[in-house]
> 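Questions regarding the structure given below will be posed in turn.
Throughout, protein chains are lettered first and strands after them, A, B, ... in sequence-line order, and every chain is numbered starting at 1.
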2 protein chains.
Amino acid sequence: MKILIAEDDPQIALSLKKNLTGEGHFVVIASDGEAALEEIEKDSFDVLLLDWRMPKRSGIEVCRQLRNDGDQIPIILLTALTDISKKVEVLEVGADDYITKPFSFDEVCARLKAVVRRSGSKSKRLTFGKFRLDLIAHTLENGEERIKLPEMEFELLHYFVEHRNLIIGKEQLSEDVWKLTFLPDTNFIEVTIKNLRKKLKALGSVNYIKTIYGEGYSFIDDEE
Amino acid sequence: MKILIAEDDPQIALSLKKNLTGEGHFVVIASDGEAALEEIEKDSFDVLLLDWRMPKRSGIEVCRQLRNDGDQIPIILLTALTDISKKVEVLEVGADDYITKPFSFDEVCARLKAVVRRSGSKSKRLTFGKFRLDLIAHTLENGEERIKLPEMEFELLHYFVEHRNLIIGKEQLSEDVWKLTFLPDTNFIEVTIKNLRKKLKALGSVNYIKTIYGEGYSFIDDEE
DNA sequence: CCGAAATATGAAAAAATTTTCATTATTGTT
DNA sequence: AACAATAATGAAAATTTTTTCATATTTCGG
């Protein structure tokens, strides 16, 4: 997951970044409202953690502008309790959720996942750890670097991520990814898996594709 | 556009099909609620024209089931005036709009376009005439046949359809599609356009990609 | 430990895609 | 009509992707 933290208090921002990075996410910090808008214009993020009060442009203004621009990024507002009178107000400006300060890191994590999961069904992107698979551009990104995947490698990874944490047999891959009605008599499935593992490794992946001897493979994503 | 008409009155169904086909769309008819659900399970459509009263499963039941299943296909209910007391009821079952019988073909067309346009911003598919470009699978379909486009051809067509009815110069294509900062000294843009035109022609296309001498190209879609 | 089965790996062949190349066709101006 | 510029076309070369092939490695059960 690629997360933008818009927060003018460096202590909060850095603490969140440290913890979220430790969970395997890619984090960018913007210390005021304008910088946040610039980051969002420059690049895409999976979710925005947005402080309510900030210099230059407040969180509310940022939120309103994004929604007016038609941007559908999931937004979580970080607020002091006195900042809001009702949750209705949060929804009015177009945020998806809010968290009141002080907050626990566990609560931030839970809300992040819930908000991203809620919008995920319409997403044109799948995430695992700090990785993002763009379903339209057929690219894989680790937060800093993006590569275009050849078609079969993209299809295979897409299938794995959609079936993360399940055991997928080679017959299933043959049928669903390669659209074959029989197990191939050469080992191109293994070769493609090799090629994909190599690409993931080059982008700094931990070991996502696990072999289950005699059964198939499982794409392990502990964050889900 | 690929349209499913769920309507038990053959006269209405056939008349709509004839007119919509004449406008360049691809139309499938289901004559009862069950057949409609089966068609939607078998294939994907851009919009569903759904008769309120039908044998086996009413339009209301179909609509409710689709929404309960999480299906987001745009739905227009076809109703007698006595069938509804308020528009609120239509929205409650999850339809996007309704048309009261008897209706004019022009009204059907206008509502179809409006409903599809409203949901189009979240679409993973672009349509022109009877064609559909799947942004995730990178396939082009004419309602009956589907081909996978090689990457550069897909990117080019995607760019054209997103900029339909505008004039696109070769410098713009070089920059935006090929990500080059200079005009190429060989003519691969023209060659790719040739290859794409050939694919469109094989699928029964009228002439979408028009050359504007000395300026570039325009993807002409009269339906928009 | 051994052997068979399953899987990983690297190289090469086959196939597909992209780009280059050369020529023909079209357009617009003089 | 002639000419230059622009664009279309087909073929071939270059590049990339996919699959085949052969061998090495790993796993598991006897």
Side-chain angles (χ1 to χ4, degrees), chain A residues 137-140 146-160 167-202 205 207-220, chain B residues 137-140 146-160 167-202 205 207-220:
Chain A
H138 291 189
T139 55
L140 177 65
R146 178 190 310 238
I147 58 168
K148 180 104 171 171
L149 290 175
E151 207 53 28
M152 291 317 305
E153 281 173 41
F154 168 77
E155 297 285 345
L156 180 62
L157 183 56
H158 184 191
Y159 193 86
F160 273 142
I167 298 177
I168 311 288
K170 253 181 294 200
E171 278 202 357
Q172 202 175 342
L173 290 177
S174 173
E175 186 173 332
D176 293 344
V177 179
W178 273 269
K179 320 294 181 200
L180 301 175
T181 54
F182 52 88
L183 257 190
D185 54 5
T186 67
N187 61 345
F188 56 77
I189 293 178
E190 289 90 343
V191 171
T192 310
I193 286 172
K194 171 198 61 176
N195 292 334
L196 180 56
R197 276 171 164 154
K198 194 169 177 179
K199 296 266 170 74
L200 288 166
K201 184 171 177 179
S205 151
N207 194 10
Y208 278 103
I209 305 174
K210 299 249 191 275
T211 305
I212 296 157
Y213 188 90
E215 292 190 57
Y217 302 90
S218 189
F219 189 86
I220 304 294
Chain B
H138 292 190
T139 57
L140 177 66
R146 180 190 309 241
I147 59 170
K148 179 103 170 171
L149 289 174
E151 205 53 27
M152 291 319 304
E153 282 175 42
F154 168 77
E155 297 285 346
L156 181 61
L157 183 56
H158 183 192
Y159 193 85
F160 273 143
I167 297 176
I168 312 289
K170 254 182 295 199
E171 278 201 357
Q172 202 174 341
L173 290 176
S174 173
E175 186 173 333
D176 293 344
V177 179
W178 273 268
K179 321 293 181 201
L180 300 175
T181 54
F182 52 86
L183 256 190
D185 53 5
T186 67
N187 61 345
F188 57 75
I189 293 177
E190 290 89 341
V191 170
T192 310
I193 287 172
K194 169 197 64 175
N195 292 333
L196 180 55
R197 276 171 164 155
K198 192 169 176 179
K199 297 263 172 73
L200 288 167
K201 182 171 177 179
S205 152
N207 195 9
Y208 279 103
I209 304 175
K210 299 245 193 272
T211 304
I212 297 160
Y213 188 92
E215 292 190 55
Y217 301 91
S218 189
F219 189 88
I220 303 293

> I need the CD-P distance between B/Glu151 and C/dT18, as an integer number of Å.
7 Å
> Round to the nearest Å and state the distance from B/Glu215 atom CD to C/dG28 atom C1'.
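Taking atom C1' of C/dG28 as the reference, CD of B/Glu215 is at 13 Å.
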> For a quick test of reading the model: is some side-chain N or O of A/Tyr217 closer than 4.0 Å to OP1 or OP2 of C/dA6?
no
> Using whole Å, report how far NZ of B/Lys148 lies from P of D/dT17.
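Nearest whole value for this atom pair: 14 Å.
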> If you count the non-hydrogen atoms of other residues, nucleotides and ligands that lie under 6.0 Å from CD in A/Glu151, is the total more than 12?
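For A/Glu151, atom CD is crowded (more than 12 foreign heavy atoms under 6.0 Å).
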> Can you sort out which residues in residues 184-195 of chain B have a heavy atom within less than 4.0 Å of DNA chain C? Ascending by number, please.
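Only B/Thr186, B/Asn187, B/Phe188, B/Val191 qualify.
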> For the side-chain contact (heavy atoms from CB on, under 4.5 Å) test, which of B/His138, B/Lys199, B/His158 pairs with B/Glu153?
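Exactly one pass, corresponding to B/Lys199.
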> May I ask you to verify if any side-chain N or O of B/Thr211 is less than 4.0 angstrom from the OP1 or OP2 atom of D/dA8?
yes
> Rounded off to whole Å, could you give me the CG-to-P distance for the A/Leu173 and D/dT19 pair?
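Rounded to the whole Å, the gap is 13 Å.
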> Need to verify one output field. Residue with the more 5' nearest nucleotide on DNA chain D, A/Tyr213 or A/Pro150?
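Final value for this comparison: A/Pro150.
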> To the nearest angstrom, how far is A/Leu196 atom CG from C/dT9 atom C1'?
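Rounded to the whole Å, the gap is 15 Å.
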> Write down the distance between CG (B/Leu183) and P (D/dT6), rounded to a whole number of angstrom.
11 Å
> Verify the contact: side-chain N or O of B/Trp178 to OP1 or OP2 of C/dT18, cut-off strictly under 4.0 Å; return yes or no.
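B/Trp178 to C/dT18 OP1/OP2: no side-chain N or O under 4.0 Å.
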> What is the nucleic acid contact for A/Lys198, judged by heavy atoms within less than 4.0 Å: base, sugar-phosphate only, or nothing?
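Nothing, no heavy atom under 4.0 Å.
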> Can you name the side-chain hydrogen bond (donor to acceptor under 3.5 Å, both in side chains) partners of A/Lys210, sequence neighbours left out?
none
> Which whole-number value in Å describes the distance from B/Leu156 CG to D/dA8 P?
12 Å
